Protein chains: 2
Amino acid sequence: MECKPTIEDVAKLASVSIATVSRVINNQGGVRKVTEERIVNAISELGYIRSALARSMKRKETNTIGIIVPDITNPFFPHVVAGIEQKAREKGYYTILSSTNESTIIEEEIVRIFIERGVDGVIITTANETGDHIKLLQDQGIPIVAVDRTIKNFEVDTVLVDNVNGAYQAVRQLILQGHERIAIICGPQNTTPGRERYLGYKKALEEYNIPLDSSLVIQGDFMENSGYKGALRLFYSNNRPTAIFSSNNQMTIGCVKALTELDWKLGEEVSFIGFDDVEIATFIKPRLSVVSRPMTTIGEIAFQLLYERIHFKGNLPKREFLLTPELKIRESCHKI
Amino acid sequence: MECKPTIEDVAKLASVSIATVSRVINNQGGVRKVTEERIVNAISELGYIRSALARSMKRKETNTIGIIVPDITNPFFPHVVAGIEQKAREKGYYTILSSTNESTIIEEEIVRIFIERGVDGVIITTANETGDHIKLLQDQGIPIVAVDRTIKNFEVDTVLVDNVNGAYQAVRQLILQGHERIAIICGPQNTTPGRERYLGYKKALEEYNIPLDSSLVIQGDFMENSGYKGALRLFYSNNRPTAIFSSNNQMTIGCVKALTELDWKLGEEVSFIGFDDVEIATFIKPRLSVVSRPMTTIGEIAFQLLYERIHFKGNLPKREFLLTPELKIRESCHKI
DNA sequence: GTGAAAGCGCTAACAC
DNA sequence: GTGTTAGCGCTTTCAC
């Protein structure tokens with residue numbers, strides 16, 4: 001069994017032409033039962049498995065879609081990916097996944113590799129929303145769906161979550177509980193989620209006539225460590241907040257670590273709401289309030305959009321989904 | 001730019017033959033400088049990207065390795081994968097990843113797809129250690145490296161961690177702290193890690209002449225929920241243990257959730273050590289003691305072994321790596 | 001240095 | 001129903 005058997009080997013063993021074998025492999029029918037049986041036997045005898053390579057080459061489709069995420073260690077993305085894969089499998093699509101580590105350069109490289117491999121479409125959360133570096137995809141006519149972050153310089157289908165609204169809800173909740181000194185750990189302001197969540201924060205403050213205090217606005221980068229440092233800074237400032245809103249899950253983790261180390265009592269001395277659910281939310285004490293997004297649904301919708309793009313190559317207009325996040329109030333925010 | 005340009009388009013534009021273009025693409029040298037320049041220009045003008053499909057077909061290698069893990073939501077595996085990918089990238093290899101959900105059936109299907117796609121090798125943590133269902137790979141002469149769990153019915157390179165020793169260390173630690181009623185949440189006994197960690201548990205007990213009490217041995221399946229239920233059962237038994245050893249990280253999470261809900265005081269009323277590190281270990285209170293494995297290193301070694309197999313097709317003997325885990329003692333285990 | 005040509009394994013007309 | 005054949009886009013002898 002050293003070398004892989006080909007369709008020709010099967011044909012020979014079954015004494016038919018390769019065309020007939022092909023028909024059987026692809027269930028196209030129009031083959032006499034006896035013949036089919038002979039072929040099926042030959043296939044199993046040889047342990048024949050058809051080459052997807054050769055097939056894709058001929059058909060000009062690989063039934064593969066590429067997924068690009070900025071940070072695979074952020075649990076948000078695996079959940080989205082799970083949604084994508086679920087739907088993809090149903091439709092006979094296969095996925096390949098790469099993480100860019102938030103680097104535009106790596107992203108460009110991955111796009112290139114995806115094109116080389118002939119992906120039928122790409123679902124991407126880009127590290128750089130201008131999108132110039134992934135224009136190659138469009139040049140090649142490969143459908144794209146943007147998730148969580150938009151692409152500015154050309155039109156693609158997108159599925160987003162209403163970040164402004166989510167952050168607004170969270171901060172309003174804190175305000176309604178009597179907080180006025182509410183800090184925010186921001187995400188990068190050159191990303192839509194980072195910017196919009198900050199906007200939601202500001203919107204809530206404005207609405208309740210609470211002046212924006214820049215010493216309560218901490219710049220983070222969506223990574224755990226920046227949440228950690230941000231919490232530290234707030235703790236040691238001479239202007240300690242009574243509540244903190246964290247712009248994403250990783251930074252939430254960092255914050256909680258810091259609070260624990262500082263013994264800054266969560267829910268008592270400082271209220272807390274984070275954007276995105278985290279695994280620990282429900283079993284640390286007090287349980288964490290979070291803005292929760294339908295991650296799997298996001299993935300499912302993204303695939304659906306992409307699938308339609310791949311199949312109705314016509315002129316679909318740009319489509320945009322905007323899902324509404326849900327505020328889950330638990331114990332980490334208390335009345336003041 | 002509707003249709004992707006091919007090597008032929010480039011050749012035409014540069015007024016050379018496709019053979020010459022191929023030489024340039026592959027940096028094979030032996031092309032006059034002027035010619036090369038003309039070709040390079042043509043390539044960038046057309047936005048040409050070579051088809052990995054056609055290339056792989058001709059070369060009979062895809063520079064792709066397949067990775068199969070049983071549960072992608074278990075953070076252990078992403079970390080191993082990160083190690084693999086890191087090394088793979090360095091060597092110009094690309095990875096495709098699939099999760100079987102601990103299902104032999106899905107695993108078989110994935111193996112099939114991998115073969116169809118012509119992966120050059122496979123790194124696998126199998127859902128079924130007999131390995132019968134993945135024999136296809138061997139039949140096709142595709143190199144395999146087993147990680148974390150062995151393959152019984154044929155020989156492959158493996159990289160394992162000394163599970164017996166890790167569990168033994170953990171349980172001994174508990175014994176030395178005065179515990180005698182030590183419970184274990186087991187993994188599936190038809191997997192090596194599940195079985196070996198149980199063996200380590202028994203070994204420690206024996207060594208210190210503590211009789212094995214079957215009511216303290218809980219069967220789990222490595223999934224979070226079974227840890228949760230296990231802890232519940234122990235709590236409500238009329239034979240409550242003073243310490244718990246959990247056989248993997250997911251079940252540890254489940255246990256901690258249960259303890260929290262039950263208000264069964266970790267570190268005070270019940271000591272705890274889990275196999276494998278978990279993110280929350282260091283910032284829940286008390287901090288969790290764990291048996292820690294060098295996850296990234298495991299991945300790196302696995303790729304190295306596979307790489308050698310792929311390239312020295314000769315008669316390498318079966319190789320087996322056995323890494324030693326490290327006991328990290330924190331606050332969740334106390335003297336009784 | 002460069003080109004012509006033979007495939008890699010498959011699908012899809014098109015014949016019979 | 002089944003076979004013949006022309007590619008898909010590339011790499012790689014082997015000529016020149």
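Here the structure is a predicted model, which is why all the values come from computation and not from measurement. Each chain gets a letter, A, B and so on, in the order its sequence line appears, and its residues count up from 1.
For the pair A:Lys91 and A:Phe303, the cation does not sit on the ring face, since its NZ or CZ is not both under 6.0 Å from the ring centre and inside 45° of the axis.
Listed nucleotides C:dT11, C:dG9, D:dG1 differ in distance to A:Ala54; the shortest reach to its side chain belongs to C:dG9. The side chain of A:Ser51 has C:dC10 as its nearest neighbour among C:dC10, D:dT2, C:dA5. In the set C:dC10, D:dC10, C:dT11, C:dT11 carries the atom at the smallest distance from any side-chain atom of A:Asn26.
In this structure, B:Met57 atom CE and D:dG9 atom P are separated by 12 Å, rounded to whole Å. Atom CG of A:Leu46 is separated from atom P of C:dG9 by 14 Å (rounded to the nearest Å). C:dC10 atom P lies 16 Å from atom CG of A:Asn63, rounded to whole Å. As a whole-Å value, the separation of B:Lys12 NZ from C:dG3 P is 14 Å. If you measure from atom CZ of A:Arg117 to atom P of D:dC10, you get 15 Å, rounded to the nearest angstrom. One can place CG of B:Leu53 at 13 Å from P of C:dT11, the figure rounded to the nearest angstrom. In this structure, A:Ile18 atom CD1 and C:dA12 atom P are separated by 13 Å, rounded to whole Å. Residue A:Arg32 contributes atom CZ, which lies 5 Å from atom P of D:dT2 at whole-angstrom precision.
No hydrogens or angles were tested; on distance alone, nothing pairs the side chain of A:Lys58 with the base of C:dG9 as donor and acceptor under 3.5 Å.
Taking 4.0 angstrom as the limit, B:Gln28 places a side-chain polar atom (N or O) nearer than this to OP1 or OP2 of D:dT12. In terms of phosphate contacts, B:Ser17 brings a side-chain nitrogen or oxygen within less than 4.0 Å of OP1 or OP2 of C:dG3. Residue B:Arg23 places no side-chain N or O under 4.0 Å from the OP1 or OP2 atom of D:dT11. The side chain of A:Lys60 places an N or O atom within less than 4.0 Å of a non-bridging phosphate oxygen (OP1 or OP2) of D:dG9. Here A:Arg55 reaches the OP1 or OP2 of C:dT11: one of its side-chain N or O atoms lies under 4.0 Å away. Phosphate proximity of C:dC10 to A:Arg50: absent, as no side-chain N or O sits under 4.0 Å from OP1 or OP2.
Counting non-hydrogen atoms under 4.0 angstrom, B:Ser22 reaches a base of the nucleic acid. Counting non-hydrogen atoms under 4.0 angstrom, A:Glu116 reaches nothing in the nucleic acid. Using a 4.0 Å heavy-atom cutoff across all strands shown, B:Thr35 reaches sugar-phosphate atoms only and no base atom. Residue B:Glu36 is classed as having no contact, given no heavy-atom separation below 4.0 Å to the nucleic acid.
Heavy-atom minimum distance, A:Pro188 versus A:Phe222: CD-CD1, 3.4 Å.
Other residues, nucleotides and ligands contribute at most 12 non-hydrogen atoms within 6.0 Å of the CD1 atom of A:Ile105.
Inspection of the A:Ser103 and A:Asn101 side chains reveals no N or O donor paired with an N or O acceptor under 3.5 Å. With 3.5 Å as the limit, one finds no donor-acceptor pair spanning the side chains of B:Arg55 and B:Asn63. Looking only at atom types and distance, the side chain of B:Glu90 has a donor-acceptor partner in the side chain of B:Gln86 under 3.5 Å away.
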